[in-house]
Novice: 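So that we are looking at the same thing, I have put the structure below in structure tokens.
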Amino acid sequence: MSANPETSAPQADAEHDEHGHHPTPRDYVRIALILAVLTLMEYSTYVFDFGGLGIPLLVVLIAVKFVYVASWFMHLKFDTKIFSRFMYGGLALAFTLYVLTLIIILFASATGME
Amino acid sequence: MASADTAKRGGLMSRPTAETGWTSWLTTTDHKKIGILYFWTTMIFFFLGGVEAGLVRFQLAQAETSLITEEIYNQMFTMHGITMVFLVVMPLSAAFFNYLIPLQIGARDVAFPRLNAFSYWVYLFGGIFLYSSFFLGGAPNAAWVAYVPLSTDAVSNMGFYAIGLQIVGLSSLAAAVNFIVTILNMRAPGMTFMRLPVFIWMSLVTNFLLLFAIPIIAVALFMLQFDTIYGAQFFQPATGGDPVLWQHLFWLFGHPEVYIMILPAMGIVSEILPTFSKKPLFGYAAVVFAGAAIAFIGFGVWAHHMFTSAIGPVARSAFSLATMFIAVPTGIKIFNWVFTMWGGKLRLNTAMLFSIGFVSMFTIGGLSGVTHAIVPHNAQQHDTYYVVAHFHYVLFGGALFGLVAGMYYWFPKVTGKLMNESLGKLHFWTWLVGFNLTFGPMHMSGLLGQPRRTAVLPGELGGTVEIYNLLSTIGYVVLVVSSLIFITNLIKSIKGGEPAGLDPWDARTLEWLTDSPPKHYNFGTIPTVTHRDEFWHRKYAEDETGTPVAVPAGGSEEHDAAVRDSEAEAEEHIHMPDPSYWPLVMTSGMLPMGYALLYASIPLGIVAVLWMLVGMFGWIIEPVAEGDDDEPEPVPAH
Amino acid sequence: MTAGAHETTLGLDHRKLAMWVFLGSEFLFFGGFIAAYLLYLDTTAGGPGVEIFDIPFTTISSFVLLMSSLTMVLAHHAHTKGDMRRMRLWVLATAGQGAVFLGGQVFEFNVFWREGLIYGDSPFASAFYTLTGFHGIHVFIGILMLLGLYSLTLTGKIKPGQPIKTEMIGLYWHFVDIIWVLIFGVVYLIPELALLE
């Protein structure tokens with residue numbers, strides 16, 4: 001196969017771009033920069049003492065990073081809502097079930113095994 | 001099969017083309033053939049599970065006697081549970097999913113035909129792996145719930161359990177993804193969600209349950225495997241591990257699993273009752289939403305299996321309440337089934353009898369289930385035969401009755417023949433009597449204190465308990481006779497059953513629109529759906545009073561003829577997925593993989609991984625027929 | 001079976017829908033191991049605990065994995081533009097960063113092991129190695145898929161008109177990255193703060 005057909009823009013592309021403004025490489029790099037800064041901020045909680053604010057700050061940072069990767073790199077922002085439902089539905093279910101489990105286990109051991 | 005692209009084939013990577021003979025079964029990607037493979041495989045495992053149950057029952061027929069050693073006994077009840085849950089009821093439901101989902105939604109196959117074959121073969125090899133344990137140092141013997149720390153002890157042989165179920169779970173997960181995509185994305189034009197047959201709804205819900213429950217048991221099984229074989233400490237109290245964690249993880253999966261087993265049967269019964277009552281399903285929306293609600297609440301009641309474990313009083317109260325709540329949607333369904341039959345023109349053939357049997361037996365099992373929700377009661381009943389009675393009423397009296405009803409109902413679809421009705425009715429009545437004789441007395445013997453999983457029936461429980469156990473064993477014999485009647489009927493009817501015609505039951509759903517057995521491509525022309533119970537509405541119109549009247553002047557036949565004409569035309573334009581060797585090649589690597597994990601053998605593990613990689617590579621690069629999952633190639637200008 | 005996405009009921013490509021369905025379920029998988037890890041945070045049986053973590057080192061390897069998501073999405077973008085040369089470059093870059101991350105993990109495991117965090121010594125050690133090990137296996141599978149993607153574009157099996165294939169592998173890759181975002185925070189940073197005040 002010669003290099004020529006590879007570089008020609010395929011048909012499917014036109015269809016793809018109909019979904020409004022599709023992000024450009026420049027957008028992606030910007031998101032990556034934001035993620036880099038957020039990671040640096042995460043690291044800062046290890047270097048500096050934020051006292052009681054450290055953990056809430058980390059939780060927020062994790063959530064923001066999560067949403068950025070999901071919305072931009074995984075295109076959830078531009079795709080059908082169904083995909084977001086699978087992503088966040090799975091996350092919510094896992095979170096609920098396992099947090100409940102941990103609470104039950106810790107509560108049971110805190111009250112002493114009957 | 002499209003002959004146009006034979007030119008593209010040939011050479012090493014060509015795809016198999018056999019449509020008959022045994023290679024066609026080994027390489028099939030046709031959902032109907034895969035469904036039939038599932039069916040017969042579950043029959044074999046049902047036989048094995050039945051033999052195991054028999055040994056248990058004969059052992060307990062009399063107090064203080066021993067037919068088999070305690071060692072064997074433990075293996076028997078463990079393998080009976082594993083077999084019936086994972087190798088019979090779940091795959092039997094999968095057989096129905098496979099055969100019926102594409103037909104009922106008006107599609108030609110599932111979304112990923114090769115993945116579908118993959119699911120079947122993985123299931124088969126997982127089953128073979130589990131059963132190979134009998135020849136390799138003894139079967140797992142720490143019960144299907146595999147409570148630690150007993151199950152992490154080498155004496156329990158639970159390595160086979162942990163790895164075997166992992167393999168079978170992979171099959172279910174792949175199938176769940178496949179069926180969810182199929183139902184969401186391959187419905188015939190006009191088949192909106194509220195026009196889906198109830199069986200399809202329940203399949204969708206079941207597969208979502210599988211999708212989210214299988215990863216949980218995967219986690220638990222990996223931990224068990226690592227603890228047992230590689231010395232991990234997840235559940236080891238000696239280093240601070242918590243055995244109760246296993247129970248949580250197991251039942252986080254285990255309770256949705258209960259609904260995974262019962263919902264397909266509920267779907268089947270929701271198709272059969274309306275057909276033989278000549279009425280639409282009463283409260284379609286309520287049945288559908290109750291099914292979804294059961295699934296949703298089903299994730300939030302797992303700890304009611306652990307009332308006697310250390311979970312604390314608050315958790316006990318909360319889970320007790322949640323468990324009682326889940327009886328509400330279940331009750332809604334039962335009332336809807338009863339009201340479907342109410343005032344209908346009932347035709348009491350075998351499929352209908354089994355459906356009514358399902359509703360009644362499942363109700364009994366459901367009611368004894370509610371008694372478990374009450375914590376003090378639960379503490380009394382825990383680990384007694386009362387629990388055994390309860391879950392056999394919902395799984396045997398429920399799931400299995402429903403699935404058998406489905407077999408009778410769709411047998412004409414699969415074979416084009418009718419099953420023998422008199423043998424069928426004999427089967428039903430012996431089945432019903434044998435079932436109640438086996439499991440009814442267990443309620444009593446359990447309340448009188450007979451413990452589960454005890455190799456020798458203690459004589460101190462007294463003569464009454466002994467009589468109950470004898471009755472149970474006699475009931476088992478009746479069930480064996482009944483099963484023989486069923487198998488005879490099945491084989492006789494396949495060989496020489498009466499021709500069924502196109503629509504033997506005056507049915508309501510799309511699968512009866514096409515031939516029996518359906519052509520390879522199911523529908524010549526994909527039907528356009530305008531109603532719930534589409535097929536019914538093509539046959540009947542309603543007069544002013546709402547009574548159904550047949551479409552006049554043989555309109556239905558005319559319509560059928562029209563469909564058939566267009567099918568002849570359409571045939572040459574239909575491209576079906578080709579058969580493929582690769583699912584079989586790839587999945588057979590599961591066996592060496594399983595043994596490599598079990599014996600912690602790195603060389604064997606490398607062989608297995610390479611084996612599966614080769615299979616996957618072949619899968620990816622084998623040519624795909626036109627219309628398969630590749631976009632058409634842009635023609636390069638030379 | 002599937003011709004184009006426009007012929008399906010939801011107007012979505014089967015394969016992409018399937019990937020999302022599967023990814024949704026993966027949360028339950030990793031969630032279970034994370035829960036076990038949190039449960040056993042200080043169940044170290046006298047062995048080393050979270051103080052063993054080398055946060056600067058893990059920050060760097062996390063950063064590499066995060067940036068591999070950027071190259072992955074650029075590969076997909078190049079594929080949608082039909083620019084296969086650039087697409088292959090980005091795919092290789094992604095696989096390379098994945099390999100760097102994996103190498104870092106192997107190195108980290110070695111150091112921890114030498115410092116006395118032995119797999120079978122405590123529930124904490126078991127939970128830590130199992131969780132991060134399974135994540136590593138996911139990364140490894142991702143690298144294999146990327147290399148497969150790379151070679152199949154060379155042979156012409158994957159064509160410029162099929163960006164969906166890069167997109168699918170990309171979704172998996174980003175998902176594995178997102179799981180690491182959670183692990184890095186919940187497994188490394190938060191316990192380090194919470195337990196070592």
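Lettering follows sequence order; numbering is per chain, from 1.
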Novice: What part of C:Phe33 lies closer than 4.5 angstrom to a heavy atom of chain B: side chain, backbone, both or neither?
Specialist: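 Both parts, backbone and side chain.
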Novice: Please confirm whether B:Arg187 makes a cation-pi placement over B:Phe193, using NZ or CZ under 6.0 Å from the six-membered ring centre and within 45° of the ring normal.
Specialist: yes
Novice: Just checking C:Phe112 against C:Tyr129, ring centres under 6.0 Å apart?
Specialist: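 Between C:Tyr129 and C:Phe112, which both carry aromatic rings, the centre distance is not below 6.0 Å.
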Novice: Tell me which of these, C:Asp121, C:Thr44, C:Leu152, has more heavy-atom pairs under 4.5 Å with chain B than the rest.
Specialist: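 Among C:Asp121, C:Thr44, C:Leu152, the one with the most close pairs to chain B is C:Asp121.
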Novice: Quick check on the interface: out of B:His248, B:Gln236, B:Met191, B:Met223, who has the most heavy-atom pairs with chain C under 4.5 Å?
Specialist: B:Met223
Novice: Please tell me whether C:Tyr119 and B:Tyr230 form a close aromatic pair, meaning their ring centres lie under 6.0 Å apart.
Specialist: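 So the answer is no for these two rings.
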Novice: Over 60° means perpendicular and under 30° means parallel, so tell me whether C:Phe53 and C:Tyr188 are parallel, tilted or perpendicular.
Specialist: tilted
Novice: Could you check whether B:Ser580 and B:Trp619, counting side-chain N and O atoms only, form a donor-acceptor pair closer than 3.5 Å?
Specialist: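 Distance-only check fails for B:Trp619 and B:Ser580.
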Novice: Give me the contact list for residues 173-181 of chain B versus chain C, heavy atoms only, anything under 4.5 Å, ordered by residue number.
Specialist: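 Against chain C, the residues of residues 173-181 of chain B that fall inside the cut-off (heavy atoms, under 4.5 Å) are B:Leu173, B:Val177, B:Ile180, B:Val181.
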Novice: When the ring centroid of C:Phe175 is compared with that of C:Phe27, is the distance short of 6.0 Å?
Specialist: yes
Novice: Heavy-atom distances under 4.5 Å only: say whether C:Phe124 touches chain B with side chain, backbone, both or neither.
Specialist: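 C:Phe124 has no heavy atom closer than 4.5 Å to chain B.
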Novice: B:Arg195: which residues meet the salt bridge (Lys or Arg N to Asp or Glu O under 4.0 Å) condition with it, sequence neighbours left out?
Specialist: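 B:Arg195: no salt bridge (Lys or Arg N to Asp or Glu O under 4.0 Å) contacts found.
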Novice: For C:Thr130, is it the side chain, the backbone, both or neither that has a heavy atom under 4.5 Å from a heavy atom of chain B?
Specialist: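 Just the side chain, heavy atoms under 4.5 Å.
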Novice: Can you confirm if the aromatic rings of C:Phe101 and C:His135 lie within a centre distance of less than 6.0 Å?
Specialist: yes
Novice: Side chain, backbone, both or neither: which part of C:Ile118 has a heavy atom under 4.5 Å from chain B?
Specialist: neither
Novice: With a 4.5 angstrom heavy-atom cut-off, is it the side chain or the backbone of B:Leu184 that approaches chain C, or both, or neither?
Specialist: both
Novice: State whether a side-chain donor-acceptor pair under 3.5 Å links C:Thr94 with C:Thr71.
Specialist: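 The criterion, which ignores hydrogens and geometry beyond distance, is satisfied for C:Thr71 and C:Thr94.
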Novice: Quick one: which of C:Ala45, C:Pro123, C:Gly120, C:Gly24 has the most heavy-atom pairs under 4.5 Å with chain B, could you say?
Specialist: C:Pro123
Novice: So which of B:Phe212, B:Phe226, B:Phe235, B:Phe234 has the largest heavy-atom pair count under 4.5 angstrom toward chain C?
Specialist: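 Highest number of pairs under 4.5 Å: B:Phe234.
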Novice: Need one label for B:Phe222: side chain, backbone, both or neither, based on atoms under 4.5 Å from any heavy atom in chain C.
Specialist: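 Contact with chain C involves the side chain of B:Phe222 alone.
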Novice: Any salt bridge between C:Lys16 and C:Asp13, counting N to O under 4.0 Å?
Specialist: no
Novice: Run C:Asp177 and C:Ser69 through side-chain hydrogen bond (donor to acceptor under 3.5 Å, both in side chains) and show every step you take.
Specialist: CA-CA 7 Å; C:Asp177 185 23; C:Ser69 263; 2.7 Å; yes
